[in-house]
Student: 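Take a look at this one; I'll ask things after.
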Number of protein chains: 2
Amino acid sequence: MELRDIIDKLKSNGYKVTEQRKAILQVLSSNPNNLISVENLFIKSKEIYNKTNMSTIYRNLEILERLNLVYKLITEDSIALYKLVCSNEHHHHIICKECGKTEIIEFCPINTLNKLAKDKNFNLTSHKLELYGYCVDCQASKDD
Amino acid sequence: MELRDIIDKLKSNGYKVTEQRKAILQVLSSNPNNLISVENLFIKSKEIYNKTNMSTIYRNLEILERLNLVYKLITEDSIALYKLVCSNEHHHHIICKECGKTEIIEFCPINTLNKLAKDKNFNLTSHKLELYGYCVDCQASKDD
DNA sequence: GTTCTTGCAAAGATTTTGCACGGTC
DNA sequence: GACCGTGCAAAATCTTTGCAAGAAC
């Protein structure tokens, strides 16, 4: 999704285009495949627009999440990470534990999962599939 | 895993068997298939041994996690939930969003995942597959 | 008696909120 | 000008920690 499209979607939902919001979106869209922490998003947004405040980051992430424009992931150590959604189609990610880089994986075992849920008499509403590892760059730097 | 086995494992790792610890384990083992929040674990542990303190809950969960005796899950709203591990074999769960009940699912697409990771030049170290839905009991009560 | 555990209270970390001011449309 | 957004500071949550007293072995 392009930065322009995101801003359009915000506008069409009655949200205004502020410098802070632009800074946040610029950071997110400059690295659309990388997960970023709230803290780092704050730091980088400030580099673009110095007056950006932490609570603004949180408020905007909440809006973006509600509009389904960002993807939120909580790591095993309970750190919230965000990235822009890449597409509206259902998909999963492989995530680098070192640098946060993600790639989409073209695989979803949903049919099997539906069957399994049915066997257990569960009404399946959603599922999470995430792969963790080290990307090729971080594998190299780990060898140092 | 039996309560007895857990206590043995604690002992063999140099941990002592205290009333607080027994209360916590009793709560966890009384519902081995249900995820429980720290708050609820605290409340229920106090019912068994009144002097149990919140920090004791946290400290014990940390120990149990380190010994791989409990499984931790963080919900989409960042709430930490715990349950005893059922077995040492790799497996996934289907989780009821209403009551926290879990069941093991006998399926893991690890071979496919390995292949996908390889294609992306990722060194796959772990993965997460969780199914969410409503168990048969909670489906019924939702219709009320 | 030694070592591990706990309670307490305080501190940390992360996230949310109220309100008055300022910006966007 | 109406309404939305922000900064600030304060509060709320959740979790961790230091320390002295107490319990387990």
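Just so you know, these numbers come straight off a predicted model, no measurement behind them. Each chain gets a letter, A, B and so on, in the order its sequence line appears, and its residues count up from 1.
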Student: Nearest whole Å is fine: how far is C:dT16 P from A:M54 CE?
Tutor: 11 Å
Student: Using atom CD1 of B:I7 as one end and atom P of C:dC4 as the other, report the distance to the nearest whole Å.
Tutor: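 So the two atoms are 19 Å apart, to the nearest Å.
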Student: Does C:dT6 have its OP1 or OP2 closer than 4.0 Å to a side-chain nitrogen or oxygen of B:N60?
Tutor: yes
Student: Just the rounded figure in Å: distance from P of D:dT15 to CD1 of A:I74.
Tutor: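 Going from CD1 in A:I74 over to P in D:dT15 covers 11 Å.
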Student: Quickly work out the A:D8 CG to C:dC25 P distance and round it to whole Å.
Tutor: 12 Å
Student: Using whole Å, what does the distance between atom P of nucleotide D:dT13 and atom CZ of B:F42 come to?
Tutor: 15 Å
Student: Could you pull out the closest heavy-atom pair between A:C96 and B:F122, with the gap in Å?
Tutor: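 For A:C96 versus B:F122, the nearest heavy atoms are N-CE2, 3.5 Å.
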Student: Could you say whether B:A80 or A:R21 is positioned toward the 5' end of DNA chain D, judged by the nucleotide with the nearest heavy atom to each?
Tutor: A:R21
Student: Please tell me which of A:E39 and A:E62 maps to the more 5' nucleotide of DNA chain C, matching each residue to the nucleotide holding its nearest heavy atom.
Tutor: A:E39
Student: So, is A:R59 near the phosphate of C:dT15, with a side-chain N or O under 4.0 Å from OP1 or OP2?
Tutor: no
Student: Do the side-chain N or O atoms of A:N53 get closer than 4.0 angstrom to the phosphate oxygens (OP1, OP2) of D:dC8?
Tutor: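 Answer yes for this pair, as a side-chain N or O of A:N53 is under 4.0 Å from OP1 or OP2.
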Student: Measuring from the side chain of A:S55 (C-beta onward, heavy atoms only), which nucleotide among D:dC8, D:dT6, D:dG5 has the closest atom?
Tutor: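 Side chain of A:S55 sits closest to D:dC8.
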Student: Kindly point out which of D:dT15, D:dT6, D:dA24 is positioned nearest to the side chain of B:V38?
Tutor: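 Comparing D:dT15, D:dT6, D:dA24 against the side chain of B:V38, the answer is D:dT15.
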Student: In whole angstrom, what separates A:N13's CG from C:dC25's P?
Tutor: 15 Å
Student: Side chain of B:Y15, heavy atoms from C-beta onward: which of D:dT17, D:dT6, C:dC4 has the nearest atom to it?
Tutor: C:dC4
Student: Would you indicate what A:S78 reaches in the nucleic acid, counting non-hydrogen atoms under 4.0 angstrom: base, sugar-phosphate, or nothing?
Tutor: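 Nothing: the residue A:S78, judged by heavy atoms under 4.0 Å, touches no strand.
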Student: Any non-hydrogen side-chain atom of B:C108 less than 4.5 Å from a side-chain atom of B:H92?
Tutor: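 They are in side-chain contact.
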Student: Measure the distance from CD1 on A:I57 to P on C:dT17 and round it to the nearest whole Å.
Tutor: 17 Å
Student: Roughly, in whole Å, what's the span from CD1 in A:I79 to P in C:dA13?
Tutor: 11 Å
Student: Taking for each residue the nucleotide of DNA chain D bearing the nearest heavy atom, is the 5' side occupied by A:Y49 or by B:K16?
Tutor: A:Y49
Student: Can you confirm whether A:R4 is buried at CZ, in the sense that more than 12 heavy atoms of other residues, nucleotides or ligands lie under 6.0 Å from that atom?
Tutor: no
Student: Can you confirm whether A:K9 is buried at NZ, in the sense that more than 12 heavy atoms of other residues, nucleotides or ligands lie under 6.0 Å from that atom?
Tutor: yes
Student: Please say whether more than 12 non-hydrogen atoms of neighbouring residues, nucleotides or ligands are located less than 6.0 Å from NZ in A:K128.
Tutor: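 More than 12 within 6.0 Å, yes.
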Student: Does a side-chain N or O from B:Y58 land closer than 4.0 Å to OP1 or OP2 of D:dT15, or not?
Tutor: yes
Student: Please check the phosphate of D:dT6 (OP1 and OP2 only) for any side-chain N or O of A:T52 closer than 4.0 Å.
Tutor: no
